[in-house]
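Step one of this worksheet: look at the structure below.
Bear in mind that the values here come from a model prediction, so they are computed numbers and not experimental data.
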Amino acid sequence: MSTLISKTEEHLSNPAVSRRQAYVELTKLRISVMVLFTFAVAALLSASLAGTSIGLATFCCALMGMLSIASSGNAMNMYIERYSDSLMARTKGRPLPAQRLSSTEVATFGAVSFGVGVAFLIAGVNWQTALCGVANWILYVFIYTPLKRRTPWNTEIGSIAGAMPVMMGCLAAIETVDLVGWAFFWVLVLWQFPHFMAIAWKYRHQYRDGGLKMITVTDPTGYSAGRKSVVTGVLLILVSLLPVVALPTLVHKILFGLIATALGIYYLKPAIRFWQTPKDETARSLMLASLVYLPLYMMLLLAGCLI
């Protein structure tokens, strides 16, 4: 423990290490890794169902391009929200509010990362994936991010941006989006609502202090957030069953349908509890269920379509 503390103190006292860490924080690495994972799953599914494969070089270029564009979007999000970030406890330690990087440095990092990402996708993948990546970046940076200060409907826009990597994965693999790709896209869109409603409840006071118009700020009772969680949870179960159409045998279809329904009900139950009793405990349970549901559903998709 003492060794860990001394290393931490060394990093904090070393300006070079601090700056490198700040640039890493701009990428929101955990979110970017999740983006890469959904992108990769969509690409593998599309290639497999089309009876083809995606080359290793193309796949690596796609991942590098996706990572760069996602990192750029996250950095520009921090640039635009630097004032509201300084007002919230959960974000005031970010590079800009903490003055570990300047606004010019963050904007430059975002611009360079965006250019590198688009170059990777155009040169190493195809123009369709690059165009979708640019559209996703614009949607996230210039539409979703400013809307957070204007309307609680920002979540609807953000959910589309969060699911776009699925479409990019399909386009990278087969230059189109098939039925399973569309189903996966809408599953990811709908999955985000209960997930973000739980987050919005947990940080509702901070969002209010930061001037962000989240649904738990405009309706502090939590009723609207809970209702939206339940409605989208029910729709999620229905949409999650669509891939059965592409499965080869009746056994595949039945097993996939049963497991997908069970996963959906598992996610829906805490959403109902959160709607009935909006409080920190029910929001925490909903958050945990969201983190379990998505990777398990993606594993089900891979197993159902690849085996």
pair [X]-[Y]: side-chain heavy atoms closer than 4.5 Å:
X: R284; Y: D280; answer: yes
X: H195; Y: L286; answer: no
X: V217; Y: L212; answer: no
X: N77; Y: K28; answer: yes
X: V189; Y: I160; answer: yes
X: L171; Y: V177; answer: yes
X: L288; Y: V292; answer: no
X: Y140; Y: M164; answer: no

[X] [atom1]: over 12 foreign heavy atoms closer than 6.0 Å:
X: K202; atom1: NZ; value: no
X: E281; atom1: CD; value: yes
X: Y23; atom1: OH; value: yes

Working to the nearest 0.5 Å, report the span between [atom1] of [X] and [atom2] of [Y].
X: L241; Y: L258; atom1: CG; atom2: CG; value: 9.5 Å
X: F185; Y: L190; atom1: CZ; atom2: CG; value: 9.5 Å
X: I80; Y: L96; atom1: CD1; atom2: CG; value: 11.5 Å

Next item on the list: Report the C-alpha separation of E105 and R19 in whole Å, then their side-chain angles, then the decisive distance to 0.1 Å, and conclude whether the salt bridge (charged side-chain N to carboxylate O under 4.0 Å, His left out) test is met.
Entry: CA-CA 11 Å; E105 289 172 322; R19 285 178 61 79; 2.7 Å; yes
Could you report the tightest heavy-atom contact between [X] and [Y], atom names first, then the distance?
X: F39; Y: M66; value: CD1-SD, 3.6 Å
X: L263; Y: L296; value: CD2-CD1, 3.8 Å
X: T216; Y: A225; value: CG2-CB, 3.9 Å
X: L300; Y: A260; value: CD2-N, 3.7 Å
X: S84; Y: R149; value: CB-NH1, 3.3 Å
X: M214; Y: A200; value: CB-CB, 4.5 Å

Check: How about T151 and N154: does a side-chain donor come under 3.5 Å of a side-chain acceptor?
Finding: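 Result is no, nothing qualifies.
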Check: Is there a donor-acceptor contact under 3.5 Å linking the side chains of W137 and S72?
Finding: yes
Hydrophobic cluster membership, with links at side-chain heavy-atom distances under 4.5 Å among I/L/V/M/F/W/Y: are [X] and [Y] in one?
X: I215; Y: V231; answer: yes
X: L131; Y: L139; answer: no
X: L49; Y: L44; answer: no
X: W191; Y: F196; answer: no
X: I122; Y: V112; answer: no

Checklist line | Step-by-step side-chain hydrogen bond (donor to acceptor under 3.5 Å, both in side chains) determination, S71 to N74 | finding: CA-CA 5 Å; S71 298; N74 291 327; 5.7 Å; no
Counting N and O atoms only, with roles assigned by atom type, does the side chain of [X] sit under 3.5 Å from a partner on the main chain of [Y], one being a donor and the other an acceptor?
X: T129; Y: V125; result: no
X: T277; Y: F274; result: no
X: R100; Y: G93; result: yes
X: T27; Y: V24; result: yes
X: Q206; Y: A89; result: yes
X: T232; Y: F193; result: no
X: S46; Y: A42; result: yes
X: S113; Y: I69; result: no
X: Q128; Y: T176; result: no
X: S240; Y: I237; result: yes

Margin query: Assess the residue pair V41 and M299 against the criterion (side-chain contact (heavy atoms from CB on, under 4.5 Å)); give the C-alpha distance rounded to whole Å, side-chain angles, the decisive distance to 0.1 Å, and a yes or no.
Written below: CA-CA 9 Å; V41 169; M299 289 172 60; over 6 Å; no
Margin query: Run L63 and F120 through side-chain contact (heavy atoms from CB on, under 4.5 Å) and show every step you take.
Written below: CA-CA 9 Å; L63 290 178; F120 264 111; over 6 Å; no
Does a salt bridge link [X] with [Y], judged by any charged N lying under 4.0 Å from a carboxylate O?
X: R204; Y: D209; answer: no
X: K228; Y: E156; answer: yes
X: E81; Y: K148; answer: yes

Check: Using 30° and 60° as the class limits, which term best fits the ring planes of Y207 and Y203: parallel, tilted or perpendicular?
Finding: perpendicular
Margin query: Is the ring pair Y297/Y293 parallel, tilted or perpendicular, if the boundaries are 30 and 60 degrees?
Written below: parallel
Check: Checking side-chain contact (heavy atoms from CB on, under 4.5 Å) for the pair V118/V134: CA distance, chi angles, key distance, verdict?
Finding: CA-CA 7 Å; V118 173; V134 171; 3.8 Å; yes
Check: Looking at Y79, does the NZ or CZ of R82 lie under 6.0 angstrom from its six-membered ring centre and within 45 degrees of the ring axis?
Finding: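 Pair R82/Y79 counts as cation-pi.
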Check: Checking salt bridge (charged side-chain N to carboxylate O under 4.0 Å, His left out) for the pair D219/R227: CA distance, chi angles, key distance, verdict?
Finding: CA-CA 12 Å; D219 178 13; R227 179 180 58 191; over 6 Å; no
Margin query: Working note: F256 + L301, criterion side-chain contact (heavy atoms from CB on, under 4.5 Å); need CA distance, chi angles, decisive distance, verdict.
Written below: CA-CA 8 Å; F256 185 96; L301 271 180; 3.9 Å; yes
